[in-house]
Amino acid sequence: MELSIIQILLLSLLGACAILDSLMFQVGFSRCVVIGLIAGLIVGDVTSGLYIGGTLGLLILGVGTYGGASMPDYQSGTIIAVALVATSGGSLDVQTAVALAVPVGLLLLNFDILARYCNSYIVILIEKAVALEKYDLAYKYNLLGFLTWGGSRFIPIFLALLLGNAFIEDALDFLTTNASWLLDGLAIAGGILPVVGICVLLKYLPVKQYYYFAILGFLLVAYLNVPIMGVALFGLVIAVITFNANTNQPASVIGVDVIEEGDYDEYDE
Amino acid sequence: MELSIIQILLLSLLGACAILDSLMFQVGFSRCVVIGLIAGLIVGDVTSGLYIGGTLGLLILGVGTYGGASMPDYQSGTIIAVALVATSGGSLDVQTAVALAVPVGLLLLNFDILARYCNSYIVILIEKAVALEKYDLAYKYNLLGFLTWGGSRFIPIFLALLLGNAFIEDALDFLTTNASWLLDGLAIAGGILPVVGICVLLKYLPVKQYYYFAILGFLLVAYLNVPIMGVALFGLVIAVITFNANTNQPASVIGVDVIEEGDYDEYDE
Amino acid sequence: MELSIIQILLLSLLGACAILDSLMFQVGFSRCVVIGLIAGLIVGDVTSGLYIGGTLGLLILGVGTYGGASMPDYQSGTIIAVALVATSGGSLDVQTAVALAVPVGLLLLNFDILARYCNSYIVILIEKAVALEKYDLAYKYNLLGFLTWGGSRFIPIFLALLLGNAFIEDALDFLTTNASWLLDGLAIAGGILPVVGICVLLKYLPVKQYYYFAILGFLLVAYLNVPIMGVALFGLVIAVITFNANTNQPASVIGVDVIEEGDYDEYDE
Amino acid sequence: MMNTTNNKLSEQDIRKLSIRWMALSQVSWSYNKMMAPGYFAATYPTLKKIYKDDPEGLRESINTSLIFFNSNPHTSHAILGMTIGMEEVKKQEVLETVAGLKTGLMGPFAGIGDSVFGVIIPTIMGSIAAYMAIDGNALGAILWIIANIIVIGVRMKLTLIGYNLGEKIVTMYSDILSKFTNSAMILGLIVVGGLIPTIVRANLNSEIMIGELPIDLQAMADSIMPGLIPVIFIVFGYKMLGMKNMTSTKLIFIIIILGIVLGLTNILV
Amino acid sequence: MMNTTNNKLSEQDIRKLSIRWMALSQVSWSYNKMMAPGYFAATYPTLKKIYKDDPEGLRESINTSLIFFNSNPHTSHAILGMTIGMEEVKKQEVLETVAGLKTGLMGPFAGIGDSVFGVIIPTIMGSIAAYMAIDGNALGAILWIIANIIVIGVRMKLTLIGYNLGEKIVTMYSDILSKFTNSAMILGLIVVGGLIPTIVRANLNSEIMIGELPIDLQAMADSIMPGLIPVIFIVFGYKMLGMKNMTSTKLIFIIIILGIVLGLTNILV
Amino acid sequence: MMNTTNNKLSEQDIRKLSIRWMALSQVSWSYNKMMAPGYFAATYPTLKKIYKDDPEGLRESINTSLIFFNSNPHTSHAILGMTIGMEEVKKQEVLETVAGLKTGLMGPFAGIGDSVFGVIIPTIMGSIAAYMAIDGNALGAILWIIANIIVIGVRMKLTLIGYNLGEKIVTMYSDILSKFTNSAMILGLIVVGGLIPTIVRANLNSEIMIGELPIDLQAMADSIMPGLIPVIFIVFGYKMLGMKNMTSTKLIFIIIILGIVLGLTNILV
Ligand SMILES: OC[C@H]1O[C@H](O)[C@@H](O)[C@@H](O)[C@@H]1O
Ligand SMILES: OC[C@H]1O[C@H](O)[C@@H](O)[C@@H](O)[C@@H]1O
Ligand SMILES: OC[C@H]1O[C@H](O)[C@@H](O)[C@@H](O)[C@@H]1O
């Protein structure tokens, strides 16, 4: 049976809600199993919806966009798979639909990267407004993010459902053949861009005076593979030592009063 | 041929001597090859004794109860194996006897854990006596350890030899079926109990003032897998630096006299 | 065809040039592919020369005598292989010649170790002259190195080419049978000898006063496997901290002026 | 000198702050500034209240809110609350401390948050929900939504905890605030040093073909120093930002072009 | 202030001290206090002599002898001798240093002792004895006993070496004893920090089943921080000990119950 | 006190210095002193100019030039230039700093140099040359020679860079030179500590047979402390050098004999 235009709109909106919820209140709309349930309700086949959502959900259990690294968009994949099963009138079983969702997820990953790049433009607007002390305007610019993130899911899902499955395959081929150099380039640049933010931050911190502490942090990670949590704990130890050294409670309090705190008479029966 | 009651008593006593020697003067009674020799003398079959002791000895070469972790009791296993070969009148060859000793060693491991728990009670008595300043009494309480450790080997060997092999198998089944939850629980608790000792020690040390040095030691082990020997050497370096910093010979002695010690004129032919 | 005495002399000289160039200006004479070219020119078969030089060159791509550890002498191996192909009048194909070069390279490795030991004697002469303040003489003694290094290649190649291939095999057997204990001993001692240089250096540095910094460097390598580059960076951080601590700009500059350097107003559009 | 705060923030203000952070922290997320614009958007209304008739203070505070920030959305509620708490008491005087603490804490809070809220809770709830969904049962999905709503409550509470802690810190250390700021700076710099090789992703091609020989560029860079490429980009970015009329916007485009070019020339992968 | 020692200990006293340590160090060994009661038992008679008519000093000294202690029985002879040597000269004034040194040295001495006396000597002597025994020859076993008797002599000597060193340290550093104590405390705290994740054994179940999905709890804990569980138990124990009318005896039972419960619920393994 | 330099060195002098280093750095290379005699030979003519009528200064400087030195021949040009630059300005007063910097920098410069000039450039040029040579084409080899000539130019430039840096350092830090020297010493000692387990090669036999049981001596040594054997040799060498009428020459022979004996007895391999 064909999807009505309202159903297509609802499913595309569900895609937008999924990404926005993952960035905001994280109530659960970004979880495949919840998306499968709602998509199933929209197309009237809750069981397949739950099945597809559950299977895809298991695939990315515990996987997250840590440090802003994009991951395959199985959320939109779930919506498209549920829609395909409904429109196939039973000829497409749920297993193949799930299999289909994987390449779709990979294709849509590029839209996630594009959204993050569009946001760079929003940030330029915000920083300009702040420089001109138009803070309220800068605050409002943030809301443009709803368009970039929302659009990065709404548009591809809407087009896919409207123009049917073939559209996705052609789009996939087109991108992988001649635009792949651009996509790879953007992905590589995405990995380097945090340099800008870190350099601005370094300009802010007393790097000229304390450069060697930054070197120490770097050595802990580069040579000793200490995760950031450990680096911070090492940093805490050094920060406390310098704090004591400066508030002239030198690390060496004369022995005599050292024992006050530890003086616990354990044997008071 | 049947073992006489004196032989059973002697073999059980040998078991007690083995554990006590491993805790005290370590002359050698805790080594399987020596136990095999003496047990062989007691039952009158020195060659099998030596063979069984030697084979089992090779199994645990260099394995020790480091940090108080219990290990299979192959010492008692040797005694029981030697006794079985003697009583079997030749029908039990030495290889199978050795094979038999392994499960016996595993069963008796639990007695080792029980002994260590009984000692906890002795420690409670000692600490109570010390609190009441009855130091001589506290000193004597230590001797109770001979009973707990000795008994933990004497009793199982005596019963096994007296009631024969079947007794060991039944005991083994009984324990593994319905008391296994208790044994596992005790083993797990045994791993956590050192927390008590360490916390009492922390109460004793100036932890409020130098907590960050404890964090540093923890980081060296948790994140950098430095063995305790390395942690102590790191600690030595830091202790010396703080010592110099406090006895106001700051780490930087003015260059000029720095070279006195190193001033070795290597070329005085 | 037989090699003329001049060709043998030239090839032996090429061997000497190879080792000396690797120690001096490193123009390229120490590279197998260049040696193959020149040897080919000398024997009049440039193609085989290039082939043998190229193949052996690939074998030791990126391998070097780091820290003075001797490596198989494929440079001399190339020369001998090229000579063998030329003298074999076509019966010896290039592949087998290359295969032959490998054992020759291993044999000649020992000559490299011998050269380094002879240099120890030169160093003794230099240090004596310096002690007697005869500095010009000490300077000239350095030039003896040309003989030890050059001879370590010239002599074996000259003898091999003059007395033919059989000579190399016999020499190889003689050495591996009865003199192997000496060669192994020398190789082992070679690994320990740097102790002398380091101890003389330690006498020079203020080790009595700063022994704990040496321990720190040792711990970084022994327990944390930090490569020397990392150890030096750690050392730099500590050196700067002590430098600040002594030039009473304690690590804690009062917050207020801390921000001067970092005060970069990033938003001046 | 310390201007006592008259415009005390109410619990209502802190609740609104939490909601804004949940709504706006990542909508304007970009590769170059990550959560920085979100930090500005969430704190701006509150800062307007704190710096009511102090435009210069507001400007400085907004600049500090826009420095590079990336952490786990859940745990960073505490950081948000803490900086607001500190600014409420000490206003401009505490901005350096705020910069140091934001930078120092974002790394470790990302670590803990991503583990607890990114892996542990979703894995447990997700697996239950997925298995039920596959059997056509929506209960698991609904349970997950309820759990997420509880987590929203936790996030609100975290802001409050941070807020109270922030107030306590500044009041407690008010006389030696500069010393505290210094230690915060040191903690920040150590963590930034550690972030450089963690956040910046720049991998050299490990199979660049020269003839048929694959050359491993990444291994070569690591042989000089692990984390070499990220450091080169940071030094490059820091120098560029120091040049006349260079802004972070221009730097973004330079890096994007660089990424595409290095991708095309197969140097970066 | 420094009460000169009149009751000088004789070599005979030190020999008796060694024998008591060999006899009593581990007879009262328990999971919570390990060798602490043994340390009290071995030193008590000697302390009675040192603090002859000074009951308050004796009480303080006995309390210090009962703090948590676990090391290799052989090498710890040196620690025993050292603390007695120090207390003989400086009595109560040196008790904090004794606590710090005992804690600082027990770890590394366990490492060295377990390697040399626990692995190296038994492996060499044990393999000779075992091979001979298997061939029915008791000579190896007897040789091992002789070696162990020599080791007993070494243990006696170690106590004397420690004793002399202890005396030398306190006399040499007598004027800056408090500075020395401080450094000893720092060394002790660093080693205790390192002991926490080493001595406390608490492993989370790595295959807890939810539906058919095995969840690795230990990996999740490690993702937050390696060594997280031991730290949680230590903080728990430290807090509990701080509560009114809580004693280490009660804490032992709490931990045993905790161990059994966590074992039953399959959380700890 | 600071004798202003009148005999200023010309660029010509620095060029000659570079050529002498390229020619003489390794011709007198020996296991015990490595590049030290080369350092003396290269710098001697320049030192004669600096210490024109100051025989005592010349003697001290030559002694410093002869301390243990081993680094990558290419990058160490910078170290050579730097020490000459410093001695030109400050003469004898800077000799301790020179010793510290030479020792501190030789390790890391070896690391960088061996990677860039030892692996990266030869691997790239070498593979091109080898592949061409195998096809009978000599172009690759010739290209490599041209590249090496360019590298010679780079080496000359490096000496100049070092020279200027050396001058700048001493003039900039002239008033707090002793503090700078101290930090250089600390850097040097940390690196020497790290060099001990890196440069000294002494591996214990890991399969010494006792009966049929292979004993792994190296694992036993590592269980006490990694890098134990090199430390033992260094302590042995340092003590020997301290003995009356012992010279480094005698120590060389002692170590050679030791190496052979330990090799023969199969202890070292
Ligand atoms: O590991 C240190 C120490 O721990 C316990 O006290 C016993 O196992 C000893 O044998 C061991 O030497
Ligand atoms: O990794 C820290 C942080 O990085 C980005 O901001 C996002 O991926 C967040 O989900 C993540 O928590
Ligand atoms: O490894 C540093 C250095 O050691 C020796 O001096 C030689 O092998 C050089 O080629 C090398 O660069």
Side-chain angles (χ1 to χ4, degrees), chain C residues 23-28 33-34 37 47 50-51 53-54 57-58 61-62 64 66 116 119-120 122-124 126 139 142 145 181 184-185 188-202 204-206 210 213-214 216-218 220-222 228-229 231-232 235 239 242-243 246-247, chain F residues 22-24 26-28 30-33 37 41 44 67-68 99 107-108 111 114 118-119 123 126 129-130 133-134 136 138 141 144-145 148 176 179 183 185-191 193-194 196-197 199-202 226-227 233-234 237-238 241 248-249 251-252 255-256 259-260 263-264 268:
Chain C
L23 299 168
M24 297 170 67
F25 295 91
Q26 302 197 17
V27 171
V33 71
V34 172
L37 173 64
T47 2
L50 278 173
Y51 180 85
L58 274 182
L61 209 54
Y66 306 124
R116 291 175 195 266
N119 288 354
S120 285
I122 297 176
V123 173
I124 294 170
I126 294 173
Y139 179 78
N142 267 290
W181 61 272
D184 297 347
I188 291 174
I192 311 169
L193 267 174
V195 162
V196 180
I198 293 180
C199 286
V200 167
L201 174 60
L202 284 174
Y204 210 83
L205 295 172
Y210 287 155
F213 282 120
L216 183 64
F218 173 79
L220 287 175
V221 174
I228 279 295
M229 180 66 192
V231 174
T242 45
F243 182 75
N246 305 343
T247 48
Chain F
M22 282 193 266
L24 300 169
Q26 300 187 85
V27 274
S28 53
S30 67
Y31 283 117
N32 47 314
K33 291 302 284 261
Y44 173 56
I67 61 170
F68 181 83
D114 286 355
V119 175
T123 311
I134 292 176
W144 198 350
I145 293 176
N148 289 341
I176 41 168
K179 302 282 175 11
S183 295
M185 285 296 168
I186 291 173
L187 174 63
L189 272 161
I190 291 178
V191 169
I196 292 176
I199 284 200
V200 179
R201 270 178 295 118
F233 274 118
I234 289 286
Y238 192 77
L241 275 183
S248 57
T249 319
L251 189 58
I252 297 171
I255 291 202
I256 294 180
I260 296 177
L264 271 173
L268 278 184

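Note: hydrogens, waters and symmetry copies are ignored here, and every other heavy atom, side chains too, is used. Residue numbers begin at 1 in each chain, while the letters A, B, ... track the order of the sequences.
- For C:Leu37, the part sitting under 4.5 Å from any heavy atom of chain F is the side chain, from C-beta outward, and nothing else.
- Between chain C and the residues F:Pro226, F:Gly126, F:Ala141, F:Ala129, the largest count of heavy-atom pairs under 4.5 Å involves F:Pro226.
- Of all heavy-atom pairs between F:Leu189 and C:Pro206, the closest is CD1-O, 3.8 Å.
- When all heavy atoms are compared, the tightest approach of C:Ile192 to F:Val200 is CA-CG1, 4.5 Å.
- Between F:Ala133 and C:Val33, the shortest heavy-atom contact is CB-CG2, 3.3 Å.
- Taking chain C as the reference chain and counting heavy-atom pairs below 4.5 Å, the highest number among F:Gly111, F:Gly193, F:Ser28 is found for F:Gly193.
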Exercise for the section: Step by step, work out the side chain to side chain contact (heavy atoms under 4.5 Å, CB included) result for F:Leu24 and C:Tyr139. Expected result: CA-CA 10 Å; F:Leu24 300 169; C:Tyr139 179 78; 3.7 Å; yes
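- In this structure, chain F has a heavy atom under 4.5 Å from the side chain of C:Ile126, while its backbone stays farther away.
- In terms of heavy atoms, C:Met24 sits closest to F:Ala23 at CG-O, 3.3 Å.
- Considering all non-hydrogen atoms of both residues, F:Pro108 and C:Met229 come closest at CB-SD, 3.8 Å.
- Ranked by heavy-atom pairs under 4.5 Å with chain C, the list F:Ala202, F:Ala138, F:Gly188, F:Gly263 is led by F:Ala138.
- Both the backbone and the side chain of F:Tyr238 have a heavy atom closer than 4.5 Å to some heavy atom of chain C.
- None of F:Leu241, F:Ile67, F:Asn32, F:Leu251 except one satisfies the side-chain contact (heavy atoms from CB on, under 4.5 Å) rule with C:Val200; the exception is F:Leu241.
- Here the closest heavy-atom approach between residue F:Tyr31 and residue C:Gly190 is recorded as CD2-O, 3.4 Å.
- Taken to the nearest 0.5 Å, the CH2 atom of C:Trp181 stands 6.5 Å off from the CG atom of F:Leu264.
- Ranked by non-hydrogen atom pairs under 4.5 Å with chain F, the options C:Gly217, C:Ala189, C:Ser120 are led by C:Gly217.
- With a 4.5 Å cut-off on non-hydrogen atoms, C:Asn142 touches chain F through its backbone and its side chain both.
- Atom CD1 of C:Ile198 is separated from atom CD1 of F:Ile234 by 4.5 Å, given to the nearest 0.5 angstrom.
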Practice task
Output, in order, the C-alpha distance, side-chain angles, deciding distance and verdict of side chain to side chain contact (heavy atoms under 4.5 Å, CB included) for F:Ile260 and C:Ile188.
Solution key: CA-CA 7 Å; F:Ile260 296 177; C:Ile188 291 174; over 6 Å; no
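- A distance of 14.5 Å separates CD1 in C:Ile122 from NZ in F:Lys33, rounded to the nearest 0.5 Å.
- Per-residue heavy-atom pair counts under 4.5 Å with chain C were compared for F:Leu187, F:Ile176, F:Ile252, F:Ile134, and the maximum is reached by F:Ile134.
- Top candidate by heavy-atom pairs under 4.5 Å with chain F, chosen from C:Leu216, C:Leu23, C:Thr47, C:Asp184, is C:Leu23.
- With a 4.5 angstrom heavy-atom cutoff, F:Ile256 touches chain C via backbone and side-chain atoms both.
- Of the listed residues (F:Ile190, F:Asn148, F:Asp114), the one with the most heavy-atom contacts under 4.5 Å to chain C is F:Ile190.
- Ranked by non-hydrogen atom pairs under 4.5 Å with chain F, the options C:Gly54, C:Gly145, C:Cys199 are led by C:Cys199.
- The side chain to side chain contact (heavy atoms under 4.5 Å, CB included) test applied to C:Val221 returns C:Val231, F:Pro197, F:Thr198, not counting sequence neighbours.
- Interface summary for chain C: among F:Ala130, F:Gly136, F:Ser183, F:Pro37, the most heavy-atom pairs under 4.5 angstrom belong to F:Ser183.
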